[in-house]
Amino acid sequence: LVTALTEFAMKYLMVDKVEFLQEIFQKCKIFLSGSEEVQIKLCNSLQKLLLKVIGTSSSITEVLSIDSLVPLFDYFAGSIKKKLCEMILRTVLKNANIIADTVTAQTLLGLGKIVHNSVDFLADEKEVDNIGQLLKEVIAKIDFGRDLEQQLKILNQARGIFINFDQVTNLLIIKALQCSEYCLKLIKYRHTRKSYGFVKMCISFAVITIPSLKSQKSQLDHYIYALQCALANNLVSETDSLYRASLKLIKALFAFPEFEEQMDIPLHTLLGLSIMIPGDPSVSGFKLLEETFELIQAHKWSVKCREKKLRIFLNFIGCITTLLQNKLPYHAFKVDANDSIFVSDDIYLSSGKSLIQRSIQEICLLVAELDQAADNTEKKLTPFELSTIYNMYLRTVNTLMAHTKPSPTGIKVIQKLITLADRYQKKIDDDRVKEESKINPEHFTNTMSHYNKKFGDKQPSSCIPISVSYTHLRAHETEADLVCRLLLEKK
């Protein structure tokens with residue numbers, strides 16, 4: 001009877017006759033208590049009917065809102081139920097652009113839950129990935145436009161349902177943070193108490209959800225994104241917490257050699273954001289940067305990552321000198337920055353200069369280590385390695401000249417770095433590997449031109465730094481001038 005009804009429906013039924021479809025689904029329930037053979041036969045008939053109805057219907061919403069549709073699947077065996085649900089989800093994805101109806105979204109989540117719960121620890125990895133991708137695409141289709149509260153409500157429901165798939169969790173976090181951005185745009189950056197409460201819920205959704213991700217690298221990326229959203233919405237306390245959560249994750253990821261090489265990018269991002277994050281007058285204007293400095297300094301960087309460490313410290317100097325300006329180059333909208341909080345604050349200025357001095361000290365140590373390692377290596381350096389050291393010295397020189405007012409000792413450090421850069425340039429020329437290296441002759445010329453304008457006739461010294469042990473240098477790291485003297489002593 002049911003088979004005949006479904007065949008009749010497929011041949012003659014107009015897709016908008018929802019009442020007739022409901023009657024068919026009701027009749028199906030009567031026969032689903034039969035044998036597995038009957039279920040399979042009935043499943044095939046229903047599958048054909050649903051494919052035609054969903055594929056040709058002008059209103060998927062109307063079809064999916066049939067009360068008997070989702071409960072019907074409970075009568076099928078597990079594998080058949082999963083097959084039907086997947087079929088409907090894939091057909092909806094193919095035929096629908098955006099799902100903006102609450103009932104339809106709820107139905108899709110219900111079908112997705114059936115598929116999600118069918119996955120166990122014995123499932124094939126490829127099958128798990130395919131199902132995760134399917135559920136991710138379904139959630140991506142759900143968009144309530146300006147009804148952001150309904151959007152966040154659906155995301156909350158989806159988070160409770162789809163707990164086994166990182167692909168889905170990643171998307172839920174991103175969509176929640178996008179809601180906070182869209183809210184800011186809708187209110188034209190003029191927050192009310194209600195809008196503040198909503199964006200706080202979006203940020204809280206992300207903060208609660210992020211730790212459930214298996215990948216710590218993904219967690220870090222989302223924390224930094226959430227930090228930016230919090231800062232844009234003037235949520236200062238949340239911004240501080242997210243910054244520290246990011247530092248904590250970076251510290252954890254430092255333990256894995258495969259991630260150490262990737263940590264410079266999030267650190268550079270955090271340093272850039274720190275310019276807009278207001279300091280706490282009751283503690284220190286540079287508290288977050290001090291914690292960042294200690295993290296970078298404490299980590300034992302591998303030899304191949306020392307150049308990345310040097311780049312970070314050079315960027316660190318740039319950030320501090322920017323924060324010490326009377327007016328910052330950019331601000332987060334309606335967020336009080338340090339140039340208005342710490343106006344003419346001597347303690348603030350002193351703390352910033354101290355951080356710069358400590359950064360220069362670390363740079364001196366790094367340069368000494370790298371130069372000593374290059375001299376002591378048994379193998380001949382490749383053109384790429386030579387040009388890397390050469391470019392590193394010039395970058396350091398230009399950063400120190402652009403962002404600091406060197407003392408006489410500091411000028412000697414700059415002179416020494418220029419001498420070392422010139423030495424490596426000659427090595428490249430002598431080995432006739434200039435074409436294979438990545439050096440730009442104009443880089444050195446421009447650096448020297450800048451140097452001459454800044455320091456006049458104080459020509460770079462030709463002395464070579466004495467080789468001292470890393471332990472010896474570390475023993476004096478609290479005395480910046482002494483470290484620089486050790487670095488510059490003649491043999």
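Positions are given from 1 along the sequence. Note: hydrogens, waters and symmetry copies are ignored here, and every other heavy atom, side chains too, is used.
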Would you say that [X] contacts [Y] through its side chain, given a criterion of any heavy-atom pair below 4.5 Å between the two side chains?
X	Y	result
L184	V199	no
N446	N398	no
V397	M401	yes
Y225	E181	yes
S354	S351	no

Check whether [X] reaches the backbone of [Y] with its side chain - one donor and one acceptor, N or O, closer than 3.5 Å.
X	Y	answer
D339	L328	yes
H116	G132	no
Q262	E258	yes
S340	D336	no
T169	F165	yes
N338	I341	no

Got a second to check how far [X]'s [atom1] is from [Y]'s [atom2], nearest 0.5 Å?
X	Y	atom1	atom2	result
L366	T396	CG	OG1	9.0 Å
I224	C229	CD1	SG	12.5 Å
L267	R311	CG	CZ	14.0 Å
K248	L253	NZ	CG	12.5 Å
L249	F259	CG	CZ	11.0 Å
I320	R358	CD1	CZ	10.0 Å

Exceeds 12 heavy-atom contacts within 6.0 angstrom, atom [atom1] of [X]:
X	atom1	value
L349	CG	yes
E125	CD	no
K327	NZ	no
K113	NZ	no

For N170, run the side-chain hydrogen bond (donor to acceptor under 3.5 Å, both in side chains) check against H222, K175, K136 and tell me which one passes.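 Testing N170 for a side-chain hydrogen bond (donor to acceptor under 3.5 Å, both in side chains) against H222, K175, K136 leaves exactly one candidate, H222.
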Under the side-chain hydrogen bond (donor to acceptor under 3.5 Å, both in side chains) rule, what do T209 and R159 come out as? Steps first, then yes or no, please. CA-CA 8 Å; T209 311; R159 180 178 62 183; 2.9 Å; yes
Quick one: side chains of residues 148-155, donor-acceptor pairs under 3.5 Å with protein atoms, not counting sequence neighbours, listed by atom name and distance.
unit_1 : atom_1 : unit_2 : atom_2 : d
Q151   : OE1    : F144   : N      : 2.9
Q151   : NE2    : I142   : O      : 3.3

Side chains of [X] and [Y]: do they bring a donor and an acceptor to under 3.5 Å?
X	Y	answer
N233	H191	yes
E362	Q297	yes
E238	Y243	no

State, to 0.1 Å, how close [X] and [Y] come at their nearest heavy-atom pair, and which atoms those are.
X	Y	value
F316	S359	CD2-OG, 3.3 Å
A255	P257	O-CD, 3.6 Å
V207	Y223	O-OH, 4.4 Å

ring-ring contact (aromatic ring centres under 6.0 Å, His included): pairs with one or both residues in residues 266-285, sequence neighbours excluded: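 Of all non-adjacent pairs touching residues 266-285, none passes ring-ring contact (aromatic ring centres under 6.0 Å, His included).
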In this structure, which one of L247, L242, T292, I277 forms a side-chain contact (heavy atoms from CB on, under 4.5 Å) with L270?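 By the side-chain contact (heavy atoms from CB on, under 4.5 Å) criterion, L270 pairs with just one of L247, L242, T292, I277: L247.
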Using the side-chain contact (heavy atoms from CB on, under 4.5 Å) definition, which of the options K217, K251, K309 pairs with M263?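 Looking at K217, K251, K309, the match for M263 under the side-chain contact (heavy atoms from CB on, under 4.5 Å) is K217.
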Show, in sequence, the C-alpha distance, side-chain angles and deciding distance for Q167 and E137, and conclude whether the side chain to side chain contact (heavy atoms under 4.5 Å, CB included) test is met. CA-CA 10 Å; Q167 306 106 301; E137 291 174 7; over 6 Å; no
Should V119 and E127 be marked as a side chain to side chain contact (heavy atoms under 4.5 Å, CB included) after you check the CA-CA gap, both sets of side-chain angles, and the distance that decides it? CA-CA 9 Å; V119 179; E127 180 189 4; 5.6 Å; no
One pair to check against side chain to side chain contact (heavy atoms under 4.5 Å, CB included): S350 and I347. What are the steps and the verdict? CA-CA 5 Å; S350 175; I347 297 176; 5.6 Å; no
Are F313 and F293 close enough that their ring centers fall under 6.0 Å?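 That pair passes the under 6.0 Å test.
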Can you tell me how the ring of Y348 sits relative to the ring of F342, calling it parallel under 30°, perpendicular over 60° and tilted otherwise?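 Plane angle under 30°, so parallel.
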What is the ring orientation for F254 with W301, classed by angle as parallel under 30°, tilted 30 to 60°, or perpendicular over 60°?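 Ring orientation, 0 to 90° scale: perpendicular.
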Please report, to 0.1 Å, the donor-acceptor pairs under 3.5 Å made by any side chain of residues 282-291, with sequence neighbours excluded.
unit_1 : atom_1 : unit_2 : atom_2 : d
S282   : OG     : D280   : OD1    : 2.7
S282   : OG     : D280   : OD2    : 3.1
S284   : OG     : F286   : N      : 3.1
E291   : OE1    : R244   : NE     : 3.1
E291   : OE2    : R244   : NE     : 3.1
E291   : OE2    : R244   : NH2    : 3.2

